[in-house]
Student: 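Please read through the structure below; I'll follow up with questions.
Whatever order the structure lists ligands and atoms in, that order sets their numbers, starting from 1. From a predicted model like this one, the values you see are computed outputs, not experimental measurements.
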Amino acid sequence: MNDAQDHAASIDDPAALAAEAAAAIARLTGVDRHDIGLTLGSGWGKAADVIGETVAVIPAEQVPGFHVSGVPGHSGTLRSIRLASGKHALVIGARTHFYEGRGVRAVVHGVRTAAAAGATTMILTNGAGGIDPAFRAGEPVLISDHLNLTAASPIEGANFVDLTDLYASRLRDLAREAEPALQQGVYVQLPGPHYETPAEIHYLRVIGGQIVGMSTALEAIAARQAGMEVLGLSLITNPAAGMGDPLSHEEVLAEGKAAEPRLAELLSRVVARL
Ligand code: 8IG
């Protein structure tokens with residue numbers, strides 16, 4: 001096959017598209033293998049500047065399968081970072097959300113690309129609403145498990161992937177060595193893009209949800225399918241609907257900004273232990 005045929009074939013094959021993206025990343029960064037994949041959600045972006053030395057920044061549109069983000073506060077780049085340990089982290093600054101309507105394959109392409117680039121650890125971060133009143137706005141919380149309420153899966157066909165210990169207890173223990181005060185909670189992914197009604201938040205609390213957002217669960221499933229260990233972290237940017245003031249995207253961005261230095265420091269200490 002020539003390159004054009006190769007690319008045409010990959011459009012209907014997520015694994016081939018991820019392999020193509022990983023090859024482009026290796027070529028554009030000069031880094032053959034990345035050890036850690038990192039998706040930085042609202043509030044977490046500054047971590048990319050402090051966890052190590054940036055080797056290369058690539059515009060998302062130069063890598064097959066990535067799209068420019070439509071969400072203010074999300075960066076639209078891929079970045080290769082060398083950590084003090086000598087490991088390489090690939091920061092996916094171009095997350096596609098389920099609510100963008102590009103389908104689940106697009107949502108998990110970043111995770112699959114990180115795996116194809118060699119990553120064995122996937123760190124997924126997000127901004128989220130706090131359902132459990134113990135979680136205050138501005139605080140990071142470890143994701144202990146999830147409820148996937150998107151009615152979707154990134155896995156296609158009869159492939160029954162085990163999700164026990166999806167958010168690896170080994171990595172959660174490491175994170176709590178870095179920050180002993182870190183609390184943990186069950187993350188609920190809803191499709192969005194609207195926030196919840198107070199009645200929905202009541203329902204989510206009753207069924208065991210403690211944190212609510214619009215990302216991460218589908219990505220975590222894809223990461224596990226790809227054989228990676230997953231670490232999930234939420235920044236609580238707002239009390240969930242009905243538990244405080246009405247929600248606004250501006251509030252979310254402001255809380256994210258205020259928490260950035262602390263979150264960057266936390267992630268530095270966590271990746272140093274991987
Ligand atoms: I940031 O309260 C953020 N993302 N669904 N609900 C949902 N997503 C969110 C929320 C929230 N806050």
Student: With a 3.5 Å cut-off and no angle check, do the side chains of His34 and Ser80 form a donor-acceptor pair?
Tutor: yes
Student: Between Gly43 and Glu260, which heavy-atom pair has the shortest distance, and what is it?
Tutor: O-CG, 3.0 Å
Student: Counting only heavy atoms, which portion of Asn126 has something under 4.0 Å from ligand 1: side chain, backbone, both, or neither?
Tutor: neither
Student: Flag the pair Arg105 and Asp12 as a salt bridge only when some basic side-chain nitrogen lies within less than 4.0 angstrom of an acidic carboxylate oxygen.
Tutor: yes
Student: In this structure, would Val141 and Leu124 fall into the same cluster of hydrophobic residues linked by side-chain contacts under 4.5 Å?
Tutor: yes
Student: Have a look at ligand 1 and work out which part of Ala128, if any, has a heavy atom under 4.0 Å from it: side chain, backbone, both or neither.
Tutor: backbone
Student: For the backbone of Pro59 and the side chain of Gln62, can you confirm whether one donor and one acceptor N or O come within less than 3.5 Å of each other?
Tutor: no
Student: I need the nearest protein heavy-atom contact for atom 4 (N) of ligand 1: residue, atom name and distance, please.
Tutor: Gly127 O, 3.7 Å
Student: Salt bridge check, Arg79 against Asp49: does any charged N sit closer than 4.0 Å to a carboxylate O?
Tutor: yes
Student: Can Gly192 be said to touch ligand 1, with heavy atoms closer than 4.0 Å?
Tutor: no
Student: What protein heavy atom lies closest to atom 11 (C) of ligand 1? Include the residue and the distance to one decimal.
Tutor: Tyr195 CD2, 3.5 Å
Student: For His88 and Asp32, indicate whether the former's side chain and the latter's backbone hold a donor-acceptor pair under 3.5 Å.
Tutor: no
Student: Considering only the protein, which heavy-atom contact is closest to atom 12 (N) of ligand 1, and what is its distance?
Tutor: Asn238 OD1, 2.8 Å
Student: Tell me which protein heavy atom sits closest to atom 8 (N) of ligand 1, plus the residue, atom name and distance to 0.1 Å.
Tutor: Gly213 CA, 3.3 Å
Student: Heavy-atom distances under 4.0 Å decide this one: backbone, side chain, both or neither, for Thr237 against ligand 1?
Tutor: side chain
Student: Using a strict cut-off of 4.0 Å, indicate which atoms of ligand 1 neighbour a heavy atom of Glu196.
Tutor: 2 (O), 5 (N), 6 (N), 7 (C), 11 (C)
Student: Decide whether the shortest distance between a heavy atom of Leu190 and an atom of ligand 1 is less than 4.0 Å.
Tutor: no
